Every structure is written in structure tokens, then in C-alpha cells.
There are 2 protein chains.
Amino acid sequence: MVFYSLHCRQIIERQCNASMTFFAEQAVTSGDKTFYQLRRDIVEGNIAAGSKLSETELSTKYAVSRAVIREAINRLESCNLVERKANIGARVVALTPEGLLELYQVRESLEGMAARLAAQNMSQQEIDELNQLLASHSESVQQGQNYYQEAGDVDFHYRIIIGSKNQHLINMLLNGLYHLVRMYRVQLGMAGPRVTTAFDEHKHIVQAISNRDEELAEMLMRRHILYSKNNIARKLAADNAS
Amino acid sequence: MVFYSLHCRQIIERQCNASMTFFAEQAVTSGDKTFYQLRRDIVEGNIAAGSKLSETELSTKYAVSRAVIREAINRLESCNLVERKANIGARVVALTPEGLLELYQVRESLEGMAARLAAQNMSQQEIDELNQLLASHSESVQQGQNYYQEAGDVDFHYRIIIGSKNQHLINMLLNGLYHLVRMYRVQLGMAGPRVTTAFDEHKHIVQAISNRDEELAEMLMRRHILYSKNNIARKLAADNAS
DNA sequence: CACCATTATATTGTCGACAATTTATCCATA
DNA sequence: TATGGATAAATTGTCGACAATATAATGGTG
């Protein structure tokens, strides 16, 4: 039996420690599968940013009725991945420097808060597991595996968000912002650098959480995200210039 | 032509200064009207908190097809007003002390941020209008009108949120949290006290914004919301005790 | 040639019916 | 009587068709 929403449309429970399929979501109905597939296609750029989403077209493409497409689009709207106008239709959001700025501005505040609450509310076991995760990432980095890149970073942030134990916060971040963040990262090709430095930042954050130092945890998380923003903004500016 | 969403599903533009119909939303389609009506009924308690939402039942009650009811429920889910489980159905959220705490925890952070950004981004004209609004509220309070209660407070916060100029933040607050906040307030009968003190707090916040003092604006807003939370939490605890 | 009104096409909004799943009822058995 | 499984009822999920609206094409007029 799968819980659908309110605060946690797709946060069931973590089912495996490594290589998760992003948030352990599980499709129970045809509409779910379509939604996940569509979201994936948008995030990964298979459907171009800014392009129009035709209901009839998508219904044939994904081999489902227009009704499930409409529902999927509505859910995508909640994720801030598409915009919708009445009687006109839906478009995939455009990726702009301003949008990125606003997104990371909010993310900085919310994830900073998450880190603070995590320092306050995570169980000792969760903290231990977080340290474990960090250790496994350390190995990956040393071995030069690019595994860490996306999944590792996402997983790290994911755990701290969950650790905040605030359902509203969890829902806003995981359901409302994270896929859009991924969309920016994926489509700008943010697989590259900043790995080792980001890893060190992660380490310090976990240390602060271990020490139950709320203030420091929040500050370090905010700074971590700020750096990340600067990094991606630089890339985006370079792309626009070319 | 009405814009439906992404970041601002229902923020068209302010159309009148006083006695606004909450956020100047405008229903263009049958589904819109149903959604607004349903939301209103939930917020005001005409549909009991925690009760189940039967699609067929609602479709007869509101005289529309099940499809529009389903869409309305989906949108209500985005507002955090209902929970939904696959193949089972939707329920109106329950009002609990824990939920209230989590809600205001997030609200404090986000509206604090909004105040800070407002101090940074509001135009001089917007600030002037804000001062005007405050003056009109002052009259209302002195004349003992209870006008101020809901609409006034909502309007005040509304303007500051809009003043932040961050669409993600605006959407999260106005679309994701505010109606739930209202639901708590309305159903707990929060029309009463704290008017004059809240008004003073508003005054100081506006002053900080006028001075472009971001730090102070954020701090005062956070404190303002904290007080509000304590006030409503006291009420809720009293209700549960009886 | 440009511009506006009108018509034609395409897309979204709404509806009722059927399929799949869950919940309730009933009966048999220990 | 309590429990378990099978059947029946009710609810949600999915579908195709029609209605309403927006967009594109057409033609007429200055």
C-alpha cells in the first residue's frame, strides 16, 4: 500500500542504502508511471525546456489516455517543472539565470533550515548511517568513480532533508524544488568538477550535525549551496555567452 | 487571459486595495470555480477536517463531473489541504498541534526570508502603499472594527510576500502554506485578541523595510510569526483539553 | 499592401461509461 | 463465538467522445 501525498507524495521509506532510484518512489498506477516517465524526460532534457506539451501528442506517445496525461501535467506543475495556462496549455519551464538565482535563494534557506533541524532531530542511528554514507563516498572519490556525482550528492542532501523530520519542509524540498534543481544540473552538464571540495563540505556538515551544533550545521549547509549555485551560475553564463 | 500557474497559479495582480477576495484569484473555467469553492469549504470547516472526500458524492454536490472533482482534489493536494492515497481516496488534512508546529516552523523561515527580500526588492511606491495600508488598518483598529482581523493581516503578509519578488517563494507561501494557515486560524476561531499588538509588530516591520534594513525586517517578521504561533497553539491546546 | 472580420482547424475542458481495486457482507468452519 | 475466505457492493482509475475555447487560415475592405 503506497501513500500518495500530502506532505510526502513519494517518500515511502528508504529501501536500499546505495544506488537508490531517487527517493524510492514506487508507481502503483498507470498514471504514476506516466508521471515519472514524463518527469524524467523533462529533467533529462528529452523534452526540451520551454517547449509546449500537447496533451493529445503525449497521450499517443506514452500510450495512455488524455486523462492520465492531464493528471501527470498537473503533478508536474506542482513540481514546478511545467507552467500551465487555462485553455491554452502547458509548457516546460525555461531555464534562466534569474530562475536559477531564485531557486537557489529559496533552496539555501530551506536546506539550511533542514540542516539545523537535522542536527536537532536526527537519531543517533541516522547520524551513524550518514557517516557510513560519507565513508562510502570517500572511497568512490578516491577511486575516481564518477558515481558520487549525482546520486551521491542527492542522497546526502536527501538524508538530511528527511532527518529534519518536518513534513512540510520535506515535501517542499523533495517534491517542489529538487527535481527542478536536478533539471538545471543535468541540462547544464554539471557532472564534472567540484567533487572533492563538495565532499569536504559534506564532511563538515555531518560533523556539525554529529555535534548537534544547529547553528553551524545551518551555516555550513547554506554556504555549501551558495558555492554550488555560484558554480552552476558560472556554467550557465558561459553557455549563454557562447 | 488568465495565467494559471507555475510559480503563481493564482497571483494575477492586485485589483483593489481593500477587501480583496484573497489574492485576487479569478475563476475562468468550471474546474476553477469548483476548486475555489471546495477549498473555501475545507478552509472554513464546512467540510470537516479529517473527513473523507468521496469523488462521486462531491460530483453530485457541486454538480460537475468526477473529472473536475478529481482535478480539484489534485490541486487541493498541492495546497496541502488534503491527503491522497492511491486507489483509496482523499481525506481532508487533520489539524494537530504537531502539524501546526511544523507549519509555522516553515512559515517563520520563509516569511522571514520574504521580509528580508522585500526590504531589498520592494519599490519605493510599493513601500508607500504598504504604509498607506498600515494607516488604514490603524483607523480600523481605533474604530474597533473587526475588519482588520483576517483580511487585514492576510493582506499585510500578502504584500510583503509579493514584495520579495521571488516567484518560488511567492508560490510556496501563497499556494502551499497560506490556505492551510487560514484553515487553522478560522477553525480555531482566531478572530479575537492580539489585534493591537500584532498591529504594532506590523508597524515595526514596515519601518525596517522602509529603512532597507534586511536583517531587522527578517528578525521582526520571524518574531511576529512566532508570537502568532504561540497564540494559536495556546488556543489549540485549550480546545484539545476541553 | 496592410488590417480587420470571419471561417476553419486544432487544442483544451468536460462528461458519462467501463475496468481495476478496495471495502463491506456473508457464510462456512474451528 | 470468533476467524477466515469467498462473494457482493462501492470507490477509484482509465478511457473515448463531445463541448468550449483558442489559434490559424481565409477573404474582404480601406
Side-chain angles (χ1 to χ4, degrees), chain A residues 1-6 8-10 12 25-39 42 47-48 50-78 81-93, chain B residues 1-6 8-10 12 25-39 42 47-48 50-78 81-93:
Chain A
M1 185 171 306
V2 175
F3 277 56
Y4 245 30
S5 89
L6 168 54
C8 44
R9 175 163 228 146
Q10 67 265 65
I12 317 303
E25 297 169 338
Q26 188 172 338
V28 319
T29 174
S30 166
D32 288 341
K33 284 196 280 281
T34 309
F35 166 63
Y36 292 139
Q37 186 62 46
L38 237 175
R39 190 182 62 189
I42 288 176
I47 299 177
S51 63
K52 186 167 191 307
L53 293 177
S54 163
E55 295 182 357
T56 54
E57 186 182 330
L58 291 175
S59 76
T60 61
K61 177 176 177 182
Y62 292 93
V64 290
S65 85
R66 259 187 62 218
V68 330
I69 293 289
R70 280 177 68 86
E71 177 176 330
I73 289 179
N74 281 334
R75 288 167 73 174
L76 288 169
E77 195 185 5
S78 307
L81 291 177
V82 313
E83 302 174 353
R84 202 168 167 211
K85 299 176 189 177
N87 283 319
I88 298 207
R91 307 192 78 89
V92 180
V93 295
Chain B
M1 188 171 304
V2 175
F3 277 56
Y4 244 30
S5 90
L6 170 51
C8 45
R9 176 164 228 147
Q10 67 263 66
I12 316 304
E25 297 169 337
Q26 189 171 338
V28 319
T29 174
S30 166
D32 288 342
K33 283 196 278 284
T34 308
F35 167 63
Y36 292 140
Q37 186 62 47
L38 238 175
R39 189 181 62 187
I42 289 176
I47 299 178
S51 63
K52 186 166 191 307
L53 293 176
S54 164
E55 294 182 358
T56 54
E57 186 181 331
L58 291 176
S59 77
T60 61
K61 177 176 176 181
Y62 292 93
V64 289
S65 84
R66 260 186 61 217
V68 330
I69 293 290
R70 279 177 69 85
E71 176 176 329
I73 289 179
N74 282 333
R75 288 166 74 174
L76 289 168
E77 194 185 4
S78 307
L81 291 178
V82 314
E83 301 174 355
R84 201 167 168 212
K85 299 177 188 176
N87 282 319
I88 297 210
R91 306 192 78 89
V92 180
V93 295

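Chain letters run A, B, ... following the sequence lines, proteins first and then strands; every chain starts at 1. These figures come from a predicted structure and were not determined experimentally.
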(request) If a protein heavy atom is under 4.0 Å from the base, mark B; if only from the sugar-phosphate, S; if neither, -; do that for nucleotides 16-22 of chain C going 5' to 3'. (result) -B---SS

(request) List the steps, then state whether salt bridge (charged side-chain N to carboxylate O under 4.0 Å, His left out) holds for B/R70 with A/E71. (result) CA-CA 9 Å; B/R70 279 177 69 85; A/E71 177 176 330; 3.5 Å; yes

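Here C/dT14 presents its P atom at 16 Å from CG of B/L58, a figure rounded to the nearest Å. For the pair A/R84 CZ and C/dT12 P, the computed distance is 9 Å after rounding to whole Å. Atom CD of B/E55 and atom P of C/dC15 are 14 Å apart (whole Å). Following rounding to the nearest Å, B/K85 (NZ) and C/dT23 (C1') show an atom-to-atom distance of 14 Å. The separation between A/E71 atom CD and C/dT14 atom P is 16 Å, rounded to whole Å. Counting to the nearest Å, the P atom of C/dT11 and the CD1 atom of A/I69 are 15 Å from each other. For the pair A/N74 CG and C/dT12 C1', the computed distance is 12 Å after rounding to whole Å.
Applying the side-chain hydrogen bond (donor to acceptor under 3.5 Å, both in side chains) criterion to B/S54, with sequence neighbours excluded, gives B/T56. For the salt bridge (charged side-chain N to carboxylate O under 4.0 Å, His left out) test, no residue two or more places apart in sequence or in another chain qualifies with B/R91. Applying the side-chain hydrogen bond (donor to acceptor under 3.5 Å, both in side chains) rule to A/E57 yields no partners; only residues at least two apart in sequence or on another chain are considered. In this structure, B/T60 has no side chain to side chain contact (heavy atoms under 4.5 Å, CB included) partners at least two apart in sequence or on a different chain.
For the pair B/R70 and D/dT11, the criterion of a side-chain N or O lying under 4.0 Å from OP1 or OP2 is not met. Using a 4.0 Å cut-off, no side-chain N or O of B/K33 falls inside it from OP1 or OP2 of C/dG13. Between C/dG13 and B/T29, no contact under 4.0 Å exists linking OP1 or OP2 to a side-chain N or O.
How far CG of B/N74 is from CG of A/N74: 6.0 Å, rounded to the nearest 0.5 Å. Rounding to the nearest 0.5 angstrom, the gap separating the CG atom in A/L58 from the CD1 atom in A/I69 is 5.0 Å. In this structure, B/Y36 OH and B/E25 CD are separated by 4.5 Å, a value rounded to the nearest 0.5 Å.
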Heteroatom pairs (N/O) under 3.5 angstrom, protein to nucleotides 5-8 of chain C:
none

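Counting non-hydrogen atoms under 4.0 angstrom, A/L53 reaches the backbone sugars and phosphates but no base.
When distances run from any side-chain atom of A/S30 to the nucleotides D/dT11, D/dT14, C/dT12, the shortest one goes to D/dT14.
Looking at heavy atoms from C-beta onward, B/I47 lies in side-chain contact with B/L38 at the 4.5 angstrom threshold.
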